[in-house]
*Asks:* 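Quick one: the structure is below, and I'll ask about it shortly.
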Amino acid sequence: MQERFDAMLGTATAAIAAAEDERALRDLEVKYLGKKGEVTALMAGMRDVAPADRPAFGQKVNALRDEVTAAIQARRGALEEAELARLCEDPTFDATLPVAAFGGSPRVGALHPLTVVSRHIEDVFRAMGFLILDYPEVETEFFNFTGLNIPPEHPARDMQDTFWLNDGNLLRTHTSTGQVRAMREYGAPLRAIFPGRVFRYESVDASHEHTFHQCEGLMVDKSVSVAQLIHSMKTLLSSIFERDVTIRLRPGYFPFVEPGFELDIQCQVCGGRGCSVCKHSGWVELLPCGLVHPNVLRHGGLDPNEWEGWAFGLGLSRLVMMKYQIEDIRHLLGGDLRFLAQFRQG
Ligand code: DAH
């Protein structure tokens, strides 16, 4: 028996050492260690061995398998090194090229879920005739506060903890900054959305980030209504969630709208029965909105006797979390590829 084993090991190691490339090596791997391989077959032959001899037999087969495995690994390492050495000699080899050029498969990237949802929102509003506008993240106090009917010393300034810059500017605390900018830039009538990043000086936990995403919307015309606003919001949410969503409207206070509302959606994680995401209320606050305050229209250069408007400030990060059932906001900007790879499509 020992001779048979030795003979097999001898043939195997000789063949492995002579394998010229990875393909030949893989064939040998299958020949000896595969499901129907020779070493595997030896193990199956255990049946025919006398019970008393079985432990010794098993040990021998295992030792043989380990030696064949080690020989294959050693040969594979040597082949890889030889290949590298060859490439280094090759004047046409460019070490800065991606792995694909090296015979490996390139890693396929994917759009971030925030990008996917943001583009979806843009598509919905573009179809309704809205402009998609992009405004600065570093803002003046005027566009972030004063222009939105939040004068200095107004207590509402404390509702949003602000990152102030040394030069007196700030990192915008909301995308509402685009309202007065857009009115001044385009006049009325006007329909626009402004998606983007916003910043708050907050301590970070599962539902708070210092950096997150919103999408502001603004519609100004001769005569607008809350019914229009609700209809547009329902159209948007049904499209994002690909089904009819139940919403509710509550009064909400924001200095730049009058009346102001909190638009909640029924929790998409638990279907309204109550879970940790909706804090067991069945509802999630997603979309504050309202009719534009006359002072904001004035700051935008529009006469409130002539024009009316509605506005909303969609919590984009929260919407993404609802859509994909992400329970911790820190995943969104955490940069962990294992998290992001889950959103790879196709
Ligand atoms: N900018 C507000 C925030 O971030 C949200 C908001 C409320 C936006 C009401 C609006 C609105 O356009 O009408 O807290």
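Every heavy atom of this structure was used, including side-chain atoms; hydrogens, water molecules and symmetry mates were not. One-based numbering, in listed order, for ligands and for the atoms of each.
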*Asks:* I need the contact type for F312 against ligand 1. Using non-hydrogen atoms and a strict under-4.0 Å cut-off, is it side chain, backbone, both or neither?
*Replies:* backbone
*Asks:* For the pair K222 and E308, find out whether any cationic side-chain nitrogen is under 4.0 Å from an anionic carboxylate oxygen.
*Replies:* no
*Asks:* Counting each atom of ligand 1 from 1 as listed, which ones have a heavy atom of F254 under 4.0 Å away?
*Replies:* 7 (C), 9 (C)
*Asks:* I want to know if ligand 1 touches A311 in the polar sense, i.e. an N/O pair below 3.5 angstrom.
*Replies:* yes
*Asks:* Considering heavy atoms of the protein only, find what lies nearest to atom 5 (C) of ligand 1 and give residue, atom and distance to 0.1 Å.
*Replies:* P288 CG, 3.5 Å
*Asks:* Looking at Q179, which atoms of ligand 1 are within less than 4.0 Å of one of its heavy atoms?
*Replies:* 12 (O)
*Asks:* Which atoms of ligand 1 have any heavy atom of R200 under 4.0 Å away?
*Replies:* 3 (C), 4 (O), 14 (O)
*Asks:* Side chains of T13 and R75 only: does a donor on one sit below 3.5 Å from an acceptor on the other?
*Replies:* no
*Asks:* Taking a cutoff of less than 4.0 Å between a non-hydrogen atom of the residue and any ligand atom, is F256 in contact with ligand 1?
*Replies:* yes
*Asks:* Whether the H120 and D123 side chains hold a donor-acceptor pair (N or O, under 3.5 Å, no angle test) is what I'd like checked.
*Replies:* no
*Asks:* Is a salt bridge present between R26 and E22, judged by a nitrogen-to-oxygen distance below 4.0 Å?
*Replies:* yes
*Asks:* Which atoms of ligand 1 sit under 4.0 Å from any heavy atom of V257?
*Replies:* 13 (O)
*Asks:* Start with the C-alpha distance between M183 and V296, add both sets of side-chain angles, then the distance that settles side-chain contact (heavy atoms from CB on, under 4.5 Å), and finish with yes or no.
*Replies:* CA-CA 9 Å; M183 287 180 214; V296 179; 3.9 Å; yes
*Asks:* Using a strict cut-off of less than 4.0 Å between a Lys/Arg side-chain nitrogen and an Asp/Glu carboxylate oxygen, indicate whether D21 and R23 qualify as a salt bridge.
*Replies:* no
*Asks:* Quick one: look up the protein heavy atom nearest atom 3 (C) of ligand 1 and list residue, atom name and how far away it is.
*Replies:* Q160 NE2, 3.5 Å
*Asks:* Does either side chain, that of Y135 or that of E216, offer a donor lying less than 3.5 Å from an acceptor on the other one?
*Replies:* no
*Asks:* So is there a nitrogen or oxygen of E216 less than 3.5 Å from a nitrogen or oxygen in ligand 1?
*Replies:* yes
*Asks:* Shared ILVMFWY cluster between L236 and I132, side chains joined below 4.5 angstrom?
*Replies:* yes
*Asks:* Looking only at heavy atoms of G290, does any of them come nearer than 4.0 Å to an atom of ligand 1?
*Replies:* yes
